[in-house]
Q: 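Pasting a structure below so you can have a look.
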Amino acid sequence: MVPWGLVALCETRTMFLAGWCLVAANRAQQLPRPSLSLHPSQGVSLGDNVTLRCHVSQTAARVWLYKDGRLTSEKDIDKEQDTAEFSLVGIKQEDAVKYWCQYQILEPLWTSNMSDPVELRVTDPRYPPPHIFLRADEPVEEGMNVTIQCQNQNYGGIIFLHKVGHSAPIQHQEPNGGGTANFTLVGVTPADAGTYRCSFRAGGCCLLFSPLGNNVTLEVTMTHAPSGASPRSPDAVQFQVSVWVPPGDCEGLTYAELRAVTPSTCTPSPSAAPESPIIYAEVGTGRPC
Ligand SMILES: *[C@@H]1O[C@H](CO)[C@@H](O)[C@H](O)[C@H]1NC(C)=O
Ligand SMILES: *[C@@H]1O[C@H](CO)[C@@H](O)[C@H](O)[C@H]1NC(C)=O
Ligand SMILES: *[C@@H]1O[C@H](CO)[C@@H](O)[C@H](O)[C@H]1NC(C)=O
Ligand SMILES: *[C@@H]1O[C@H](CO)[C@@H](O)[C@H](O)[C@H]1NC(C)=O
Ligand SMILES: *[C@@H]1O[C@H](CO)[C@@H](O)[C@H](O)[C@H]1NC(C)=O
């Protein structure tokens, strides 16, 4: 009986010990590759638990999990199952690496190719979050270049620029000797407006990241009003006021019906126009009783 590990190594084509090895390697090409996923896939900190799921599209007998290139775990799964779960409990620094999976069927003996790797990125709260600064002449107008500076106190590694609302970092850079990275947004547009934060990946073996630091908010002013449409900002709302004062109302109070209208150069089509909001306000008439 050939040990399972050797079958796996054959597939990587680093070892061709015997004829059966070549056969296994060739057959592997015919099997669909497994896919590996991480749950949760984001926001994992040291000490958390995560699950790696290897999805196989064939009836597999055995599923292997590779950690940083080395076989670390194996699971036998039933014929009905198409997923093998590997739980990592209490994530440590050295768990923050890349993972792959692979599966094998026995009759006939076939070994799949490796899945694509999955990176287990772990937040290590012992690293200080980087500080962020907006280096721009304000107000920032459309088309200007804006520099966002991040400082990580000489921890080295790689500094990442995150934009709130985007799951992946939008830029990354190695800091200079002073621990500063300058991210330039060339020719900003209103789409660049938003809130930014930084993190950094520490140097060394593992995929360890600092927590996200403080934030800056970039506002981008339009240099010209866009033609055709008018802005629907609150200060662009006018009120049509009609006041009806009932005769003999001596409370000094009545209700005014305020109809909010948005000044507009284009008339919205009636079908598309929402009902104007009606606001009731108390007004004093000052009429003697
Ligand atoms: C398996 O890997 C080999 C070598 O990289 C490749 O030629 C083959 O297309 C792969 N098979 C599948 C199903 O991905
Ligand atoms: C991780 O799993 C272990 C064992 O299942 C459990 O005791 C622990 O509370 C879990 N930790 C977290 C942070 O969920
Ligand atoms: C913005 O940066 C680009 C590329 O570095 C440069 O060509 C351009 O002149 C800059 N624009 C302004 C307004 O400074
Ligand atoms: C970023 O810009 C500052 C000055 O604005 C400069 O001192 C620093 O060296 C720059 N850092 C990098 C990595 O270019
Ligand atoms: C930005 O930072 C301020 C002050 O710490 C905080 O109140 C605000 O919620 C942050 N904004 C975002 C979008 O994270």
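Every number for a ligand or one of its atoms is a count from 1 in the order of the listing. As the structure is a computational prediction, the values presented were derived from the model and not from experiment.
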Q: What atoms of ligand 2 come closer than 4.0 angstrom to any heavy atom of Asn49?
A: 1 (C), 2 (O), 3 (C), 8 (C), 10 (C), 11 (N), 12 (C), 14 (O)
Q: Just need the protein heavy atom nearest to atom 13 (C) of ligand 2, so name the residue and atom and give the distance.
A: Gly47 O, 4.1 Å
Q: Is the shortest side-chain N to carboxylate O distance from Lys163 to Asp192 below 4.0 Å?
A: no
Q: Counting only heavy atoms not in Glu85, do more than 12 sit closer than 6.0 Å to its CD atom?
A: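 Yes, CD of Glu85 has more than 12 neighbouring heavy atoms, counting only those of other groups under 6.0 Å.
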Q: Show me which atoms of ligand 1 lie under 4.0 Å from any heavy atom of Asn113.
A: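 Near Asn113, meaning under 4.0 Å from one of its heavy atoms, ligand 1 has 1 (C), 2 (O), 3 (C), 8 (C), 10 (C), 11 (N), 12 (C), 14 (O).
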Q: Find all atoms of ligand 1 within a distance of less than 4.0 Å from any non-hydrogen atom belonging to Arg33, and give their numbers and elements.
A: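 Result: 14 (O).
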Q: Protein non-hydrogen atoms only, distance under 4.0 Å: does atom 9 (O) of ligand 5 have such a neighbour?
A: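 Looking at atom 9 (O) of ligand 5, one finds that no protein heavy atom lies closer than 4.0 Å.
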Q: Before giving the answer on side chain to side chain donor-acceptor pair (under 3.5 Å), spell out for Gln102 and Ser112 the whole-Å C-alpha distance, their side-chain angles and the decisive distance to 0.1 Å.
A: CA-CA 6 Å; Gln102 186 182 36; Ser112 78; 5.1 Å; no
Q: Looking only at distances, please establish whether an N/O atom of ligand 5 is found under 3.5 Å from an N/O atom of Arg197.
A: no
Q: Could you tell me the residue and atom name of the protein heavy atom closest to atom 14 (O) of ligand 5, and the distance to it rounded to 0.1 Å?
A: Asn215 ND2, 3.5 Å
Q: Is it true that Phe160 and Phe209 have ring centroids separated by less than 6.0 Å?
A: yes
Q: Is atom 1 (C) of ligand 5 in close reach of the protein, with a heavy atom under 4.0 Å away?
A: yes
Q: Report, in ascending order of atom number, the atoms of ligand 5 lying under 4.0 Å from any heavy atom of Thr195.
A: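 The list of qualifying atoms is 13 (C).
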Q: Can you sort out which atoms of ligand 2 are near Val89, meaning under 4.0 Å from one of its heavy atoms?
A: 1 (C), 2 (O), 3 (C)
Q: What pair of heavy atoms forms the shortest contact from Glu119 to Leu207, and how long is it?
A: CB-CD1, 3.7 Å
Q: Can you measure from CG (Asn182) to CG (Leu161) and round to the nearest 0.5 angstrom?
A: 11.5 Å
Q: Identify the residue among Tyr99, Tyr103, Trp100 that makes a side chain to side chain contact (heavy atoms under 4.5 Å, CB included) with Ser115.
A: Trp100
